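Here the structure comes first, spelled out in structure tokens, and everything after it is commentary.
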Amino acid sequence: MDWGKLITEERICREKQYDKQPHRPPWQTDSDRITFSSAFRRLQDKTQVFPLSSSDYVRTRLTHSLEVAAVGKTLGSRIGFLLKDDLKAPLDRHPLEIGQIVSAATLSHDIGNPPFGHSGENSIRSWFETSRAIEKLRDELTPNQRADFEDYEGNAQGFRVLARLQMNKDKGGMQLTATTLAAFTKYPTQSRAKGIESHSGKAQKNSAFSRLTGNCSLKSLAGQG
């Protein structure tokens with residue numbers, strides 16, 4: 001296990017990296033950038049489930065994301081201490097930093113999902129395949145671009161939001177650390193690779209991140225293992 005590649009402070013598309021700040025680990029900076037982004041705030045308008053409740057309380061994806069981040073931070077920290085103390089892993093990090101990495105990734109895990117979850121994904125796919133309004137556009141797209149719509153998946157869109165659409169377009173988006181982006185990327189396959197035998201053993205739910213991040217290099221992210 002190459003921990004130097006798995007946990008790196010390098011930020012995607014940022015030529016000059018930040019100076020280390022002992023009081024503020026880079027994963028905390030990632031969490032702060034996500035928290036203050038407009039994409040994260042918009043989660044307050046998306047329901048986690050569509051409730052049939054007698055009360056006026058609606059559970060939103062914003063509430064859900066904050067709760068998941070809290071749980072993820074605790075579990076990640078426990079794993080960090082397990083790696084350091086019990087498994088004696090050559091981990092050149094404080095165990096609590098593992099929790100911070102997981103917290104940053106889980107905080108943003110729903111950021112690209114449409115309203116109504118999987119039903120929303122299906123609606124986008126159906127719209128792309130049947131809408132007469134975009135017939136001309138469909139013909140102009142590349143096979144890879146068409147696949148992203150025909151098998152639309154919220155996690156791939158989430159990666160696109162983090163790594164391109166927010167803040168610095170075509171320059172790494174939020175410019176999060178490669179480690180946080182790698183932790184966020186749960187399904188490391190492209191749309192057209194779904195079901196291909198060479199990808200057996202990997203999560204098959206597509207995440208077309210390699211085409212969605214603009215012109216910057218993703219070598220550090222691809223090397224996360």
Side-chain angles (χ1 to χ4, degrees), residues 1-14 16-37 39-41 43 48 59-113 154-156 158-159 161-163 166 172-189 199 201-205 207 209 213 218-225:
M1 185 71 72
D2 191 340
W3 291 101
K5 286 186 177 181
L6 283 171
I7 303 179
T8 173
E9 299 181 10
E10 181 180 350
R11 295 185 179 277
I12 297 300
C13 291
R14 187 174 180 83
K16 182 180 179 181
Q17 302 298 310
Y18 292 117
D19 294 333
K20 292 185 178 180
Q21 303 179 54
H23 64 284
R24 194 180 188 218
W27 340 113
Q28 182 61 52
T29 301
D30 288 347
S31 289
D32 293 345
R33 289 187 172 196
I34 293 165
T35 300
F36 283 93
S37 69
F40 184 72
R41 291 195 298 272
L43 293 176
Q48 174 62 17
R59 188 175 188 81
T60 70
R61 287 188 182 272
L62 182 64
T63 303
H64 167 74
S65 296
L66 292 170
E67 292 173 343
V68 172
V71 174
K73 187 174 185 178
T74 298
L75 294 178
S77 297
R78 291 184 64 181
I79 291 173
F81 280 102
L82 175 66
L83 291 170
K84 193 85 169 182
D85 298 337
D86 297 348
L87 301 181
K88 306 301 180 183
L91 184 63
D92 188 25
R93 298 283 177 177
H94 192 285
L96 292 178
E97 291 189 59
I98 304 300
Q100 292 173 334
I101 293 168
V102 176
S103 178
T106 51
L107 189 66
S108 57
H109 81 280
D110 262 350
I111 214 165
N113 289 335
N155 291 285
F159 192 99
V161 170
L162 297 176
Q166 287 282 297
M174 294 187 191
Q175 295 184 342
L176 303 178
T177 61
T179 295
T180 293
L181 287 174
F184 171 89
T185 308
K186 301 179 285 298
Y187 311 107
T189 57
H199 288 76
K202 293 183 179 179
Q204 287 296 299
K205 200 173 182 182
S207 182
F209 61 86
T213 56
L218 284 177
K219 289 182 180 179
S220 56
L221 178 60
Q224 297 306 299

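Here the structure is a predicted model, which is why all the values come from computation and not from measurement. Residue numbers count from 1 along this sequence. Both backbone and side-chain heavy atoms feed into the values below; hydrogens, waters and symmetry mates do not.
In this structure, Thr180 contributes its side chain and Leu176 its backbone to no donor-acceptor pair below 3.5 Å. Between the side chain of Ser65 and the backbone N or O of Ser108 there is no donor-acceptor pair closer than 3.5 Å. Between the Arg11 side chain and the Pro26 main chain, a donor and an acceptor come within less than 3.5 Å of each other. In terms of modelled atom types and a separation under 3.5 Å, the side chain of His64 and the main chain of Arg61 share no donor-acceptor contact.
Under the 4.5 Å side-chain criterion, counting only non-hydrogen atoms from C-beta, Lys88 is not in contact with Leu83. Considering only heavy atoms from C-beta on, Phe40 comes within 4.5 Å of Leu107 through its side chain.
Scanning all heavy atoms of the two residues, the minimum distance from Phe184 to Phe159 falls at CE2-N, 3.3 Å.
Taken to the nearest 0.5 Å, the CD atom of Gln100 stands 10.5 Å off from the CZ atom of Arg93. Distance CG/Leu181 to CE/Met174: 9.5 Å, rounded to 0.5 Å. Put simply, OG on Ser103 and CG on Leu75 are 11.0 Å apart, with the number rounded to the nearest 0.5 Å. Note that the CG atom of Leu6 and the CD1 atom of Ile98 stand 9.0 Å from one another [nearest 0.5 Å]. Separating the CD atom in Glu97 from the CG atom in Asp92 is a distance of 9.0 Å, to the nearest 0.5 Å. Taken from CD1 in Ile79 to CG in Asp86, the straight-line distance is 12.5 Å, to the nearest 0.5 Å.
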Steps toward side chain to side chain contact (heavy atoms under 4.5 Å, CB included) verdict (Ile7, Leu91)
CA-CA 9 Å; Ile7 303 179; Leu91 184 63; 3.6 Å; yes
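Classification of the His94-Phe81 ring pair by plane angle, with boundaries at 30° and 60°, yields perpendicular.
Partners of Ala39 by side-chain contact (heavy atoms from CB on, under 4.5 Å), not counting sequence neighbours, listed by chain and number: Ser37, Arg42, Ile111, Val161, Gln166.
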